[in-house]
Amino acid sequence: MAKSTTSIAITEEKILNKIYYIRGHKVMLDQDLAELYQVPTKRLNEQMKRNIGRFPDDFMFQLTEEEFENLRSQFATSSWGGRRVAPYAFTEHGVLMLSSVLNSERAINVNIQIMRIYTKMREMLMTNQEILLKLEQLERQTSQNTEDIQVVFAHLKQLLTPPEQTNRQRIGFKRQNEKE
């Protein structure tokens with residue numbers, strides 16, 4: 001008998017609001033993932049610790065006290081519930097690995113949504129990089145054109161300024177009352 005596949009509707013905005021930029025990585029916190037997977041944070045962390053070999057440092061890390069305090073200060077209300085231990089942060093690969101550790105249909109479906117959002121974010125970054133490269137090319141062309149325009153203006157100024165008067169002898173017919 002085939003399993004019934006139910007779609008889990010979590011808005012992109014809800015997932016995007018749970019992605020943070022910490023230590024140069026886009027990460028999701030254990031508490032937020034547990035909420036999305038509808039499991040207690042304690043269970044999520046237990047499963048991660050039982051399978052710690054699947055979570056190298058570039059997949060998951062624990063926040064320092066300073067990072068944890070900075071995160072807490074960003075939230076005006078204490079939605080942390082008095083948490084005493086700093087949360088774990090999971091990178092994109094760590095989130096993907098969690099779906100194999102939390103072997104539930106909901107975890108798999110939520111992970112699919114999360115991976116799609118990470119992919120969209122990556123595509124947006126690539127598009128932005130292409131735009132930045134084109135802007136840099138335009139800037140280089142503009143600076144080269146600016147130099148060329150300055151040279152043209154310098155030559156125009158030379159042509160527009162009358163030549164200095166020198167005491168040269170006039171050539172040609174001289175009137176009687178003119179001096180040389």
Side-chain angles (χ1 to χ4, degrees), residues 1-140:
M1 186 182 262
K3 287 185 180 179
S4 64
T5 56
T6 57
S7 67
I8 297 172
I10 299 174
T11 63
E12 282 186 19
E13 185 179 346
K14 185 173 183 175
I15 294 173
L16 281 171
N17 287 336
K18 295 182 183 303
I19 297 176
Y20 302 97
Y21 194 73
I22 302 173
R23 296 186 199 173
H25 299 283
K26 289 183 282 302
V27 298
M28 294 183 78
L29 301 178
D30 57 0
Q31 180 173 337
D32 295 333
L33 287 165
E35 178 188 328
L36 292 172
Y37 296 146
Q38 292 182 342
V39 298
T41 305
K42 182 178 179 179
R43 179 163 179 268
L44 184 137
N45 287 334
E46 283 174 354
Q47 291 298 338
M48 178 266 302
K49 288 176 184 175
R50 285 182 186 155
N51 297 282
I52 197 70
R54 294 180 181 218
F55 297 95
D57 292 341
D58 58 331
F59 281 30
M60 178 270 313
F61 55 88
Q62 191 168 18
L63 299 184
T64 64
E65 279 300 317
E66 183 180 336
E67 291 167 334
F68 185 41
E69 285 301 319
N70 286 339
L71 253 183
R72 268 198 284 206
S73 68
Q74 289 180 13
F75 302 105
T77 60
S78 177
S79 62
W80 296 91
R83 186 172 180 162
R84 290 179 182 91
V85 179
Y88 288 94
F90 294 88
T91 65
E92 180 179 355
H93 299 300
V95 172
L96 187 60
M97 192 59 71
L98 275 176
S99 68
S100 67
V101 172
L102 297 172
N103 198 12
S104 72
E105 187 175 337
R106 178 164 179 89
I108 292 168
N109 289 331
V110 169
N111 258 35
I112 289 170
Q113 285 184 286
I114 292 171
M115 290 304 114
R116 286 181 177 150
I117 289 173
Y118 270 111
T119 303
K120 281 183 183 179
M121 289 173 65
R122 197 172 13 265
E123 288 171 357
M124 286 173 39
L125 279 173
M126 293 306 252
T127 302
N128 287 342
Q129 280 183 332
E130 289 173 13
I131 291 170
L132 286 175
L133 286 174
K134 287 181 182 180
L135 283 174
E136 285 179 12
Q137 288 173 346
L138 279 173
E139 185 179 15
R140 277 191 294 254

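Worth knowing before you read on, the calculation uses all heavy atoms, side chains too, and leaves out hydrogens, waters and symmetry mates. Here, residue 1 is the first one in the sequence, and each next residue gets the next number.
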Determine, step by step, whether M48 and F59 satisfy the side chain to side chain contact (heavy atoms under 4.5 Å, CB included) criterion, reporting the C-alpha distance in whole Å, the side-chain angles of both residues, the deciding distance to 0.1 Å, and the verdict.
CA-CA 11 Å; M48 178 266 302; F59 281 30; over 6 Å; no

Would you give the length of the straight line joining atom CG of L36 to atom NZ of K18, rounded to the nearest 0.5 angstrom?
5.5 Å

Distance (rounded to the nearest 0.5 Å) between I22 CD1 and T91 OG1
11.5 Å

So side chain to side chain donor-acceptor pair (under 3.5 Å) across residues 47-60, not counting sequence neighbours, yields R54-S100

Atom OH in Y20, atom NZ in K26: separation rounded to 0.5 Å?
15.5 Å

Q31 and T41: which non-hydrogen atoms are nearest, and at how many Å?
CA-OG1, 3.7 Å

Would you give the length of the straight line joining atom CG of L33 to atom CD1 of I15, rounded to the nearest 0.5 angstrom?
9.5 Å

Considering all heavy atoms of both residues, which atom of F68 and which atom of P87 are nearest to each other, and what is their separation?
CD1-CD, 3.2 Å

Closest non-hydrogen atom pair between E92 and M115, with its separation
O-CE, 3.5 Å

Value rounded to 0.5 Å, distance of CG in D32 from CG in N17
9.5 Å

So, applying side-chain contact (heavy atoms from CB on, under 4.5 Å) with T119, which one of R116, E123, M121 is it?
E123

Identify, with sequence neighbours excluded, every residue that meets side-chain hydrogen bond (donor to acceptor under 3.5 Å, both in side chains) alongside Y88.
none

Is the NE2 atom of H93 crowded by more than 12 outside heavy atoms at less than 6.0 Å?
no

Decide yes or no on side chain to side chain contact (heavy atoms under 4.5 Å, CB included) for F90 and L44, but give the supporting numbers first.
CA-CA 12 Å; F90 294 88; L44 184 137; 4.0 Å; yes

As an exercise, state the distance from CG of D30 to CE of M60, rounded to the nearest 0.5 Å.
10.0 Å

For side chain to side chain contact (heavy atoms under 4.5 Å, CB included), just list the numbers for V85 and N45, CA-CA rounded to whole Å, side-chain angles, deciding distance to a tenth of an Å, and then say yes or no.
CA-CA 12 Å; V85 179; N45 287 334; over 6 Å; no

Check P40 against A34 and note the closest heavy-atom contact, atom names and distance.
C-CB, 4.0 Å

Shortest non-hydrogen contact between Y37 and L102, atoms and distance:
CD1-CD1, 3.5 Å

Minimal heavy-atom distance between I19 and I117, with the atoms involved, is CD1-CG2, 4.2 Å

With side chain to side chain contact (heavy atoms under 4.5 Å, CB included) as the criterion, how do F55 and V101 come out once you've worked through the C-alpha distance, each side chain's angles and the decisive distance to 0.1 Å?
CA-CA 10 Å; F55 297 95; V101 172; 3.8 Å; yes

